[in-house]
Amino acid sequence: MRPEARPVAGLSVVVLGGTGFLGRHIGEAFAALGARVHPVSRTGGYDPAQDRTPVRLDLLAAAPEEIAGLLDSTGADVVVNAAGRAWRADEEQMAAGNAELVERLVAALAGLSGPPVRLVQLGSVHEYGAGALDAATGEDHAPAPVTAYGRTKLLGTRAVLRAASERGVDGVVLRLANVIGAGVPEGSLFGRVAAHLGEAARADARGEKAAELRLPPLRAARDLVDAGDAVAAVLAAATAPGAAVTGRVINVGRGEAVPMRELIHRMVSLSGLEVPVVEDPEGPPSRTDVAWQRLDIARADRLLGWRPRRYLDDSLRDLLAPVLPPGHPPPGVTANAPDMEGESP
């Protein structure tokens, strides 16, 4: 029998990177369940998406003492680290955001007095590198990242695990598959395609022909996770008994490899637009040359009671809806491609 999770209501939750793509979704979910949420951002300012003012702190420059002061002042029960660098950054910048920041964060947590503060660190499937064809990658798989992002995220994961085993930090790492949903950054493949389709819809409304969508070769198959499903995993990890999760890495994905060519063509179909997709081998390369990624998600089910719930079409509609102009049919209304909803776990 799985130990009972503590309630979310009343918890003080600090979300680092709280105004970013996943950070916003996470903060909204905790607040909806009655938690006191403190989103942290470099610039501060009012955040209408969460109806609150983020705490202003430059995490790339903050010393452990500054981070500890923030956690003390908010009476933090949980810290979710959704901060980091993924797009438009070199390896040195990624190291600062994905590894050095985590080292300072765990140092701050180790120095706190009082009850342990649960740290939920958001890791990445890119820490693993290539998976074996037709096989799922479990948490015990030896990581072999092939990108700067994967290498620096792995350093952050190792910092959390080391702090848990050597310094008593109550930390857990959720190794997320590629996250898809509303607000995905334009630097990602999905964000880039969504932005192009939004512009194509505006051109269509003006009576103009939509420009072709030029992408690198879509030969890869990737494990994906809906943003809402990822948030549900964060909630579960934040409230699970420490004996179940502290010092653990837990995969969070769909547990299947989705062909990217099929997914991108489905996005175009759901948009209701006639947009040619051209795979250009001479164009800018994608971020990773890993051909296959599929996660084993059995541990998430066993320790957190978590499984993905949303269909891929739901995720794609969420991604497309905010970028399509007013008056354009909602995503999927005019789609005629085979439905991907049958692929839900």
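Quick caveat: nothing in here was measured; it's all calculated off a predicted structure.
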Test side-chain contact (heavy atoms from CB on, under 4.5 Å) applied to Val249 and Val172, step by step: CA-CA 6 Å; Val249 173; Val172 57; over 6 Å; no
Would [X] and [Y] pass as an ion pair if we require N to O under 4.0 Å?
| X | Y | value |
| --- | --- | --- |
| Arg299 | Asp140 | yes |
| Asp313 | Arg266 | yes |
| Arg158 | Glu166 | no |

Taking all non-hydrogen atoms of both residues, which atom of [X] and which atom of [Y] are closest, and how far apart?
| X | Y | value |
| --- | --- | --- |
| Ala201 | Leu324 | CB-CD2, 3.9 Å |
| Ala221 | Ala257 | CB-CB, 3.8 Å |
| Val102 | Ala159 | CG1-CB, 4.1 Å |
| Tyr149 | Ala86 | CE1-CB, 3.6 Å |
| Trp306 | Asp229 | NE1-O, 2.9 Å |
| Glu274 | Ala210 | O-CB, 4.2 Å |

Examine distances only and state if a side-chain atom of [X] and a backbone atom of [Y] form a donor-acceptor pair shorter than 3.5 Å.
| X | Y | value |
| --- | --- | --- |
| Arg192 | Gly187 | no |
| His196 | Ala211 | yes |
| Asn251 | Asp296 | yes |
| Gln93 | Asp90 | yes |
| Ser12 | Thr74 | yes |
| Arg167 | Leu109 | no |
| Arg6 | Ala238 | yes |

Count the heavy atoms of every other residue, nucleotide or ligand shown that sit under 6.0 Å from [atom1] of [X], and state whether that count exceeds 12.
| X | atom1 | result |
| --- | --- | --- |
| Glu92 | CD | no |
| Glu279 | CD | yes |
| Arg219 | CZ | no |

Residues Val15, Val40; criterion side-chain contact (heavy atoms from CB on, under 4.5 Å); working and verdict: CA-CA 6 Å; Val15 183; Val40 178; over 6 Å; no
Determine whether [X] and [Y] fall in the same hydrophobic cluster, where Ile, Leu, Val, Met, Phe, Trp and Tyr are linked whenever their side-chain heavy atoms lie under 4.5 Å apart.
| X | Y | answer |
| --- | --- | --- |
| Leu155 | Leu59 | no |
| Val117 | Val55 | yes |
| Val277 | Leu189 | yes |
| Val231 | Val245 | yes |
| Val146 | Leu154 | no |

Evaluation steps, side-chain contact (heavy atoms from CB on, under 4.5 Å), between Val275 and Glu199: CA-CA 11 Å; Val275 176; Glu199 181 53 43; over 6 Å; no
For Asp226, salt bridge (Lys or Arg N to Asp or Glu O under 4.0 Å) partners two or more places apart: Arg310
Short side-chain donor-acceptor distance under 3.5 Å, Tyr128 and Asp223: no
Pair Asp170, Thr246: side-chain N/O donor-acceptor within cut-off below 3.5 Å: yes
Close side-chain approach of [X] to [Y], heavy-atom, < 4.5 Å:
| X | Y | answer |
| --- | --- | --- |
| Leu270 | Arg317 | yes |
| Asn81 | Leu122 | no |
| Ile297 | Pro308 | yes |
| Leu215 | Asp280 | no |
| Val160 | Val169 | no |
| Arg248 | Leu303 | yes |
| Leu319 | Met267 | yes |
| Val120 | Leu174 | yes |

Steps toward side-chain hydrogen bond (donor to acceptor under 3.5 Å, both in side chains) verdict (His126, Asn178): CA-CA 9 Å; His126 295 285; Asn178 300 274; 3.1 Å; yes
Could you tell me the separation between the [atom1] atom of [X] and the [atom2] atom of [Y], rounded to the nearest 0.5 Å?
| X | Y | atom1 | atom2 | result |
| --- | --- | --- | --- | --- |
| Glu91 | Thr147 | CD | OG1 | 8.5 Å |
| Leu312 | Glu256 | CG | CD | 6.0 Å |
| Phe21 | Ile26 | CZ | CD1 | 9.5 Å |
| His265 | Leu213 | NE2 | CG | 8.5 Å |
| Leu33 | Thr239 | CG | OG1 | 9.5 Å |
| Asp318 | His25 | CG | NE2 | 8.0 Å |

Reference residue Glu127; test side-chain hydrogen bond (donor to acceptor under 3.5 Å, both in side chains); the match among Lys153, Arg151, Arg175, His141: Arg175
Contact list for residues 95-105, test salt bridge (Lys or Arg N to Asp or Glu O under 4.0 Å), sequence neighbours left out: Glu103-Arg162
Stepwise side-chain contact (heavy atoms from CB on, under 4.5 Å) test for Val14 and Val78: CA-CA 6 Å; Val14 173; Val78 174; over 6 Å; no
